[in-house]
Amino acid sequence: MPDIVMPDAPYDSEEMMTVAAARALKNGDVCFVGIGLPSTAANLARLTEAPDVVLIYESGCIGAKPDILPLSIGDSELVETADVVVSVPEIFRYWLQGGKIDVGFLGAAQLDRFGNINTTVVGDYGAPKVRLPGAGGAPEIATNSGEVFITLRQTTRTFVEKPDFITSAGYLTGGDARAKLNLPGRGPTRVFSDLGILEPDPVTKELTMVSLHPGVTADQARAATGWALKIRPDCGTTPAPTAFELDILRDMKARAARAHSRSNALSA
Amino acid sequence: MADITSLSSAIASLVHDGDKVAMEGFTHLIPHAAGHEIIRQGKKDLTLIRMTPDLIYDQLIGMGCAKKLIFSWGGNPGVGSLHRFRDAVENAWPLPLEIEEHSHADMACAYDAGAAGLPLAILRAHRGTDLPKYNPTIREILCPFTGETLVAVPSLRPDVAVIHAQQADKRGNVLIWGISGVQKEAVLSAKRAIVTVEEIVETVAPRANSIILPHWTVSAVCLVPGGAFPSYALGYSTRGNDFYKKWDAIARERDGFTAWMKRHVLETRDFAEHRASLAEPIHA
């Protein structure tokens, strides 16, 4: 994919986004993983700096260590490498609602300045312009995980002033709005985009740019945001992906691409 | 007592027009062959229940079998949209589709409550989200002990549950291992249950953590090897990720979808013929 921001960099912006997200997981964290970019980032963390991170997929796979990145949350690769596999009611009730998850790792179609996520509809719910997949596990991951990381590309279509639907709660209208609901989890503490890293302001809870990826300017980030984006005065530059991180990531993705394009042989 | 019978006779006798039908399987063990048979037999006005509608309900919806969908995530995992589901919701094609939308957590609990014979499930869910505004079955309930506001949803009680499993024995005792999703809950919450299996064996040998559904909890067992494809059966096949990706193009346009369904489902007698027909070039 052509890269507008860093045309000459030895990596692309999606790789930068994935590496930045992977670095945020601490060794030993128990992480409830969404499919797609969150799963890629969480597995990159496991294969680099956080070998003991515990990856939980909503299909019931606890402690999955896939060699091949899954296309779905229930590929056999996850089952065969898991510490234990439990039923879907159990994963949501005992493990997520029961408070066993440190980090919920989510993607989104739309995100607002307070970290509220829309994955349900664009347009009116009753007569949608675009019907998106819906909630899945996300609303309860967003409220019942200790904290939430979010990863998605940053454009004026994804970072929006007002989402058409709140599928999963961030800080709602900001300030103490979330605190008033007495939710078990703290909410979204970090957002990783292809342009930088955002964190909520401690008081207003508005997502604020705290680190720009190499080569990205504050103006580019503002132009890609549907609200008046605040850049923290001490906003730094994200360290570029290392050769090691890129090797592991590319190797992982190449294995997945090969595996997912193989035709499934007729069984028995 | 389970009848060991053909899939076509099980669907003909146990699935009726207008039924609430839960075809479950969470990524793993999705009963695709049974979905095709419902389409071949032209069942109508079904209320389809399923956490992740997936390709199986994209096909049933696109072929006009459904009047209502109760679900919690309607996409093609890792690929994108379910185009037939979207076309039904966005444009009422081929028929208007009423939707009742939930989250995974509340739907899983609703099956569990159905299996437990309770009228409702209680959980900590949906706080701060918009879904309860559009789904009147998501309500609040006060904990009588702590005063905490919790969510209540009605339990799921399907007329028929349909699942795929690895094995059954000759009496119809069913064995499942690997990702078990909500299949046990779906079967135990339903009035009737159909199970397609990879293999019928002399006696099932339970493994650690495997699920046994005793023959007296199941109405019919049907031998359909590979009947989950493009989903999979652990120990027998792997997920047909390549087909999940191809489905995006097959289902994108109405004409291409209809032609594909005609050639590969309506004009095939059973799932084995369907699988054989896929070896031919796909016209998308």
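The basis for the numbers below is simple: all heavy atoms, side chains too, and nothing from hydrogens, waters or symmetry mates. Note that this is a predicted model, so its numbers are computed, not measured.
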Can you see which heavy atom on [X] is nearest to which on [Y], and at what distance?
X         : Y         : value
Ala169(A) : Gly128(B) : CB-O, 4.0 Å
Gly137(A) : His104(B) : N-CD2, 3.3 Å
Val182(B) : Val88(A)  : CG1-CB, 4.1 Å

What part of [X] gets closer than 4.5 Å to chain A, counting heavy atoms only: side chain, backbone, both or neither?
X         : answer
Met107(B) : neither
Phe85(B)  : side chain
Leu131(B) : both
Ile99(B)  : side chain

**Message:** As a quick check of understanding, evaluate side-chain contact (heavy atoms from CB on, under 4.5 Å) for Cys109(B) and Phe92(A), giving each step before the final call.
**Reply:** CA-CA 9 Å; Cys109(B) 288; Phe92(A) 283 103; 6.0 Å; no
When you compare the side chain of [Y] with that of [X], does any pair of heavy atoms fall below 4.5 Å?
X         : Y         : answer
Asp242(B) : His260(A) : no
Ile179(B) : Val85(A)  : yes
Asn182(A) : Glu148(B) : no

[X] portion near chain B, given a 4.5 angstrom heavy-atom threshold:
X         : answer
Glu58(A)  : both
Ser59(A)  : both
Asn144(A) : side chain
Thr120(A) : side chain
Ser87(A)  : both
Val130(A) : both
Pro184(A) : side chain
Leu71(A)  : both
Leu172(A) : side chain

Flag if over 12 foreign heavy atoms under 6.0 Å of [atom1], [X]:
X         : atom1 : result
Arg250(A) : CZ    : yes
Lys184(B) : NZ    : no
Arg255(A) : CZ    : yes
Glu273(B) : CD    : yes

**Request:** May I ask you to name which of Gly136(A), Gly74(A), Pro139(A), Ala135(A) has the most heavy-atom pairs under 4.5 Å with chain B?
**Result:** Gly136(A)
**Prompt:** What residue, out of Thr143(A), Ile117(A), Ile73(A), has the most heavy-atom pairs lying under 4.5 Å from chain B?
**Reply:** Ile73(A)
Can you measure from [atom1] ([X]) to [atom2] ([Y]) and round to the nearest 0.5 angstrom?
X         : Y         : atom1 : atom2 : value
Cys61(A)  : His28(B)  : SG    : NE2   : 10.0 Å
Thr129(B) : Ile166(A) : OG1   : CD1   : 8.5 Å
Leu183(A) : Arg127(B) : CG    : CZ    : 6.0 Å

Under 3.5 Å donor-acceptor, [X] side chain and [Y] backbone:
X         : Y         : result
Glu140(A) : His126(B) : yes
Glu185(B) : Pro89(A)  : no
Tyr232(B) : Ser76(A)  : yes

**Item:** Salt-bridge criterion met for Arg131(A) and Glu101(B) (N-O under 4.0 Å)
**Value:** yes
**Member of Thr238(B), Thr27(B), Asn241(B) meeting the side-chain hydrogen bond (donor to acceptor under 3.5 Å, both in side chains) criterion with Asp75(A)** = Asn241(B)
**Request:** Please identify each residue that fulfils side-chain hydrogen bond (donor to acceptor under 3.5 Å, both in side chains) with Asn116(A), with sequence neighbours left out.
**Result:** Asp112(A)
**Request:** Enumerate by number any residue of residues 73-81 of chain B whose heavy atoms lie under 4.5 Å from heavy atoms of chain A; in the absence of such residues, state 'none'.
**Result:** Trp73(B), Gly74(B), Gly75(B), Pro77(B), Gly78(B), Val79(B)
